[in-house]
Amino acid sequence: MLDLTALNPPQRQAVSHTEGPLLILAGAGSGKTRVITYRLAHLLLNKKVPAQHLLAVTFTNKAAQEMQERLKHLAGPAAQKATISTFHSLGVRILRQQAAAAGYRRNFVIYDQHDQLTLVREIVKDRALDFAGHTAFELLGRISSAKNQGESPETFANKPNAEEMLFGDLYAHYLERTRNCNAIDFDDILLLVTNLLEQHPEVRRHYQERYRYLMVDEYQDTNSLQYRFITLLLGEHRNLCVVGDDDQAIYSWRGANPEILLRFEEHFPGARLVKLEQNYRSTQVILHAANAVIKNNRRRKAKELWSALSGGARLRILTAENENEEAEKVAGTITMRKLLDPKVRFSDFAVLVRTNFQLRPLEEAARNANLPYQLIGGTSFYERPEIRTLIAYLKVMRNPDDELSLKRALDFPKRGIGATTLLRLHQYCQQHNYNLYRAFQEAQQVGEVRSAALHAIQTFVHLIEDFRRRFRHEKLSQATQELVAQTAYLKALEEATADAKSREVKVSNVREFLGSLQRFEQTSEDPTLAGFLDRVSLISDSDYLNEKVDRAIFLTMHAAKGLEFPYVFLFGMNDGQFPSSRALESGAIEEERRLCYVAITRAQRELTLSYSTRKTRYKEVLELQPSRFIQEIPAAVLENGGTESPEQAAQRAAEEQEDLVTMLRRLRENNFKV
DNA sequence: CGTTAGAGGATTTTT
DNA sequence: TCCTCTAACG
Ligand SMILES: Nc1ncnc2c1ncn2[C@@H]1O[C@H](COP(=O)(O)OP(=O)(O)OP(=O)(O)O)[C@@H](O)[C@H]1O
């Protein structure tokens, strides 16, 4: 039997209420995720539901993995068979099983944003579309929202506006080319899986039969396709439990719609509502600050949230002349805190930023201060160009119709095939309605290709064919190692990289990649090429978080969603940065404020806010004001706020910091000998 | 014809 | 600052 005494009464109610629709609406740190985990364990142990009938959807793979571990801890190895996954991972899994019904070949590949952008640029160029001033990035955003709203290219073709028609052209070709490549993008995952379930009752029944208890975490950030997905999976039993907090809706820019959470009782009549009001994470001081900030939002469902953790340190404010100094002070404060109290771990500290590029000054400051850190976000390992190219080879191994990857593989190492030859081959494709790989295979039939180029293409095709065979018969890591050797990949990398430092980095990245393949083979349930490619496509920055290593964590506020840390720093608390100037211009201030609420409520014990008075961007110097969110925090919870104005407190804190930083510098110059 | 060096522009947040 | 596109070189 699972012991439910580790839960408070409403939590227990939510866990025991297993049948029918259930909505858990509650503020930050009230144990929503914990309830889902216990609910899974309760269903397994007390209700004897077989694990394969359980489905829990989380926001990131990392959260899924963590829940899986907690569940295993509570319920033992039987938990392994429960499905805990993100919407996208679940979607891909279903699509692999049902590819034909979904209208794709089973070896489809997944295009990430980088691939999508390349494709958009290519189409714009090929078709000489003139989107005056609009970037590929913006166009891709429009494609994505068109897809999510179910708009077909034809709807644009018939619009009177010339630009709309142009977009219709781009959109139509984007769809055609991804399909011809047997490739799907992130939007397609949800689009295809919902269409599949809608149009194939027997498939739908199969999954409804399989998943009998459904749970969704972070339901406030669900979009309409995800909502459709979950309702399609939901059988007649209607055993759906969702948890969420409308104050933590921070993805509306990506199509998420918090109304889906708020209208749950309308969507599922007879739903039970449970509210959780005790926060177990933060001190009263921190919670008071968070509540005060979020109260400024007008569109929200007011809710109670209290903490029994009385008192607690008041919030500190650090100010600096510029971003680098700000980062230096943050790094210095962490180092100092750790020196003063060696029991504290580096990994107890998290620095949250609004945008990825704010991570850079932090990284540099941490390096200079000898502060161990891990970055979440920025460019992840698999995004590095030398790794992307290798992955392009792997994608071609799996699916030679993937033109984008084929071209990327063809392009490096250099083999004497350039734009002109490629153009000829493309023309040949269009004449015969072939795909690019077929044109490669028949290169000798294509006129006007120089003999050197022809020979190079044939060698390339042989390479691909040979390795496609090897990848079918050999272990993934083995075959990839051979591929790297055969293409003299490392040598080519070295020759192509002028800078000695980055040359070294690239080579070691490739070695690391080969190592990661071996680790993948040893640990994965599906240690195949397909399994690896899916994992790489679905992995996200937050999945890299490693709580076992003792390092301070630098990450975006978005990536911090659902996490908690004893000591939290909010970096760059300036108007224009946070709230971002874009949000201020477009009137999206409430979502920024929710983000601030999320950020503040990550802190368990201490919270520090930092801001600069100036910053440089693209060589221009900008004067900065402290964030309006700082003004929204009552002076009483700011350090010395009772006697000083926030400005005075900031001033004094700045002076103290000055001393600390100077001291630290001296210490460092002295090689840390006192 | 293919490759490379350097100018010029940009992405807020991400599954 | 990183990344893509262009122009000149070999
Ligand atoms: N009944 C309880 N007793 C003790 N600790 C609890 C209890 N419920 C939750 N906690 C603790 O409170 C913290 C927050 O829980 P959890 O992450 O589940 O909250 P949440 O509502 O999902 O938070 P958020 O919405 O901010 O992501 C965790 O450390 C958890 O272990």
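Order of the sequence lines fixes the chain letters, A, B, ..., with proteins taken first and strands second; residue numbering starts at 1 for each chain.
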**Request:** Indicate, with yes or no, if the rings of A/Phe59 and A/Tyr251 have centres closer together than 6.0 Å.
**Result:** yes
Is there a side-chain contact between [X] and the phosphate of [N], meaning an N or O under 4.0 Å from OP1 or OP2?
X	N	answer
A/Asn356	C/dC2	no
A/Arg582	B/dT11	no
A/Ser540	B/dT15	yes

**Asked** Would A/Arg388 count as a cation-pi partner of A/Tyr382, with NZ or CZ less than 6.0 Å from the six-membered ring centre and within 45° of the ring normal?
**Response**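 A/Arg388 over A/Tyr382 ring: no.
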Side chain of [X] only, please: which of [options] is the nearest?
X	options	answer
A/Thr355	B/dT13, B/dG2, B/dT15	B/dT13
A/Thr60	B/dT15, C/dC2, B/dC1	B/dT15
A/Thr421	B/dT12, B/dG2, B/dT15	B/dG2
A/Arg354	B/dT13, B/dT11, B/dT14	B/dT13
A/Thr420	B/dT15, B/dG2, B/dT14	B/dG2
A/His558	B/dT15, B/dT3, B/dT13	B/dT13
A/His88	B/dT12, B/dT4, B/dT15	B/dT15
A/Thr135	B/dT14, B/dA10, C/dC2	B/dA10

**Prompt:** Does CD belonging to A/Glu504 count more than 12 external heavy atoms closer than 6.0 Å?
**Reply:** no
**Message:** Salt bridge or not between A/Arg177 and A/Glu403? Use side-chain N to carboxylate O under 4.0 Å.
**Reply:** yes
Do we see [X] stacking on the base of [N], given a limit of 5.5 Å between centres and 30° between planes?
X	N	value
A/Trp253	B/dT13	yes
A/Phe357	C/dT1	no
A/Phe137	B/dT11	yes

**Prompt:** If you find the nucleotide of DNA chain B closest to A/Arg424 and the one closest to A/Gln113, which residue's nucleotide is nearer the 5' end?
**Reply:**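 Result of the comparison: A/Arg424.
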**Prompt:** If you pin A/Gly133 and A/Thr556 to their nearest nucleotides in DNA chain B, which one's is more 5'?
**Reply:** A/Gly133
**Prompt:** Which nucleotides of nucleotides 3-10 of chain C have their base under 4.0 Å from a protein heavy atom (B), which only their sugar-phosphate (S), and which neither (-), written as one string 5' to 3'?
**Reply:** -SS-----
Once you round it to whole Å, what is the distance between [atom2] of [N] and [atom1] of [X]?
X	N	atom1	atom2	answer
A/Gln226	B/dT15	CD	C1'	8 Å
A/Leu410	B/dG2	CG	C1'	12 Å
A/Asn148	B/dT14	CG	C1'	13 Å
A/Glu364	C/dT1	CD	P	8 Å
A/Ile589	B/dT13	CD1	C1'	14 Å
A/Phe412	B/dG2	CZ	P	18 Å
A/Tyr251	B/dT13	OH	P	11 Å
A/Leu454	B/dC1	CG	C1'	15 Å

**Message:** Classify the ring geometry of A/Phe108 against A/Tyr104: parallel below 30°, tilted from 30° to 60°, perpendicular beyond 60°.
**Reply:**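 Ring orientation of A/Phe108 relative to A/Tyr104: perpendicular.
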**Request:** With heavy atoms under 4.0 Å as the rule, sort A/Ser542 into base, sugar-phosphate or nothing.
**Result:**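 Sugar-phosphate contact only - A/Ser542 comes under 4.0 Å of backbone atoms but never of a base.
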**Request:** May I ask you to say what A/Ile189 touches in the nucleic acid, namely base, sugar-phosphate or nothing, with a heavy-atom cut-off under 4.0 Å?
**Result:** nothing
**Prompt:** Is there a donor-acceptor contact under 3.5 Å linking the side chains of A/Gln116 and A/Tyr174?
**Reply:** yes
**Prompt:** Is the closest side-chain heavy-atom distance between A/Leu410 and A/Leu406 below 4.5 Å?
**Reply:**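 No - every pair of side-chain heavy atoms lies 4.5 Å or more apart.
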**Asked** Can you check whether A/Leu261 reaches A/Gln248 side chain to side chain, under 4.5 Å on heavy atoms?
**Response**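 A/Leu261 does not reach A/Gln248 side chain to side chain.
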**Item:** Passing candidate, salt bridge (Lys or Arg N to Asp or Glu O under 4.0 Å) with A/Asp247, options A/Arg593, A/Arg300, A/Arg594
**Value:**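 For A/Asp247, the salt bridge (Lys or Arg N to Asp or Glu O under 4.0 Å) check succeeds only for A/Arg300.
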